[in-house]
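Data first, discussion second: the structure below is written as structure tokens.
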Amino acid sequence: MDLELKGLTALVTGASRGIGLAIAHGLAREGCNLHLVSRTAGDLETARASILSRHKVTIECHALDMSKGENAAQLGQHCGGVDILINNAGSIPSGHLSDFDEAKWRSGWELKVFGYINLTREIYRRMCERRRGVIVNVIGVSGERYRQDYIAGVTGNAGLMAFTRTLGGESVDHGVRVVGVNPGQVETDRLRQRLERKAKEEFGDSNRWRELVMSPPLGRLARTEEIADTVVYLASARASYISGAIVTVDGGRAVRNAT
């Protein structure tokens with residue numbers, strides 16, 4: 001299936017590893033040129049080399065902290081002509097309400113919530129002027145599956161879901177689509193390292209980390225490529241009648257009775 005992405009340009013945040021890197025590879029496979037954003041220049045160059053070893057596209061790297069509003073403005077100026085924006089950067093810490101003071105809560109939201117909103121504001125305005133473009137927000141299934149021990153993340157992701165749906169309902173009037181993807185548990189380096197530490201504490205053996213994953217659908221975690229394939233499809237012309245919608249990719253866990 002031709003996704004009609006060849007020759008287009010995409011901006012991907014959080015692109016140096018995990019889901020973001022898989023999305024970058026997926027877009028490059030379809031012939032999409034890339035702007036890659038992450039905090040660490042070295043990680044970005046590694047990602048760039050990995051992609052270029054497989055795909056003949058152009059790639060520009062931007063080592064920026066997207067929790068800073070001025071960096072969103074800078075990217076908007078430099079990359080305002082992109083056809084696709086993938087908001088993916090950010091991780092909000094776990095914890096109950098009593099674990100978060102105002103400063104910690106705000107810090108957790110600066111990258112994942114306001115980072116998405118600020119960059120979208122910059123790119124969306126320019127897309128509307130050209131009357132074309134797609135924005136895909138990679139959010140998280142916790143926005144629809146409430147966990148008391150992840151209250152800051154639940155609240156932030158639910159807000160981003162509402163943001164995506166609200167903007168996606170208006171955006172079509174300007175020739176722009178805005179959609180979201182809610183990944184469930186995905187086997188990324190970050191998740192694996194966190195579970196390895198916990199397994200070391202609980203079992204004395206970091207290799208037993210998979211035992212901490214409770215009854216995963218299909219007997220496994222999602223692969224980063226599975227999330228990326230969904231994002232790439234939604235960004236393509238093959239999804240041209242989809243806006244204001246959020247696709248959940250969690251093996252059906254959000255709608256299961258079991259916890």
Side-chain angles (χ1 to χ4, degrees), residues 1-38 41 43-64 66 72 74-89 115-116 119-120 122-139 164 168 171-172 174-181 183 186 188 223-243 245 247 249:
M1 179 186 293
D2 182 6
L3 297 182
E4 301 180 32
L5 289 170
K6 188 173 182 179
L8 299 184
T9 302
L11 169 60
V12 185
T13 68
S16 65
R17 61 182 64 190
I19 293 172
L21 179 57
I23 292 169
H25 270 284
L27 290 167
R29 184 179 63 242
E30 299 296 325
C32 207
N33 300 311
L34 299 170
H35 290 275
L36 304 181
V37 185
S38 180
D43 290 345
L44 280 173
E45 288 303 322
T46 300
R48 181 177 184 273
S50 172
I51 295 168
L52 291 178
S53 69
R54 305 179 190 180
H55 310 292
K56 294 182 179 180
V57 296
T58 62
I59 301 176
E60 188 172 345
C61 295
H62 308 269
L64 294 169
M66 296 310 298
Q74 178 181 331
L75 270 180
Q77 287 290 332
H78 189 78
C79 307
V82 297
D83 303 287
I84 300 163
L85 167 62
I86 311 293
N87 283 310
N88 173 71
Y116 280 35
L119 187 55
T120 295
E122 295 293 331
I123 299 299
Y124 177 68
R125 172 168 54 84
R126 293 168 169 86
M127 286 181 171
C128 289
E129 291 170 355
R130 300 192 308 274
R131 297 196 63 80
R132 61 181 175 83
V134 182
I135 297 171
V136 185
N137 293 322
V138 182
I139 305 170
T164 299
S171 65
V172 290
H174 308 286
V176 179
R177 295 190 298 110
V178 181
V179 294
V181 174
V186 183
T188 61
R223 296 185 293 270
T224 56
E225 293 79 10
E226 291 171 313
I227 310 304
D229 286 346
T230 305
V231 170
V232 172
Y233 167 74
L234 289 172
S236 79
R238 298 301 180 185
S240 59
Y241 207 64
I242 301 175
S243 189
V247 178
V249 188

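A quick note: this is a predicted structure, and the numbers were derived from the prediction, not measured. Nothing fancy with the numbering, it's 1 onward along the sequence. Just the heavy atoms: all of them, side chains too, but no hydrogens, waters or symmetry mates, feed the values below.
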Hey, is the main chain of [Y] close enough, under 3.5 Å, to the side chain of [X] for a donor-acceptor pair?
X      : Y      : result
Arg238 : Asp2   : yes
Asn33  : Val57  : no
Arg177 : Ile242 : yes

With a 4.5 Å heavy-atom cut-off, do [X] and [Y] have their side chains touching?
X      : Y      : answer
Val179 : Val247 : no
Arg223 : Val186 : no
Met127 : Asp83  : no
His62  : Leu36  : no

Value rounded to 0.5 Å, distance of [atom1] in [X] from [atom2] in [Y]:
X      : Y      : atom1 : atom2 : answer
Ile139 : Asn87  : CD1   : CG    : 9.5 Å
Leu8   : Ser236 : CG    : OG    : 10.0 Å
Thr9   : Ile59  : OG1   : CD1   : 11.5 Å
Ser240 : Glu4   : OG    : CD    : 8.5 Å
Met1   : Tyr233 : CE    : OH    : 7.0 Å
Arg126 : Arg132 : CZ    : CZ    : 14.0 Å

All side chain to side chain donor-acceptor pair (under 3.5 Å) counterparts of [X], not counting sequence neighbours:
X      : result
Arg125 : Glu122
Ser38  : Ser16
Ser171 : Ser243

Notebook entry, point to check: Do the side-chain N and O atoms of His78 and Glu60 include a donor-acceptor pair separated by under 3.5 angstrom?
Noted result: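 Glu60 and His78 do have a side-chain donor-acceptor pair below 3.5 Å.
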
Check: In a check of side-chain contact (heavy atoms from CB on, under 4.5 Å) between Ile86 and each of Asn137, Val134, Val136, which one passes?
Finding: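 It is Val136, the one option of Asn137, Val134, Val136 that forms the side-chain contact (heavy atoms from CB on, under 4.5 Å) with Ile86.
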
Checklist line | Single hit among Ile23, Val249, Val12 for side-chain contact (heavy atoms from CB on, under 4.5 Å) with Val138 | finding: Ile23

Item checked: Taking every non-hydrogen atom, the tightest pair across Cys128 and His174 -> SG-CB, 3.6 Å

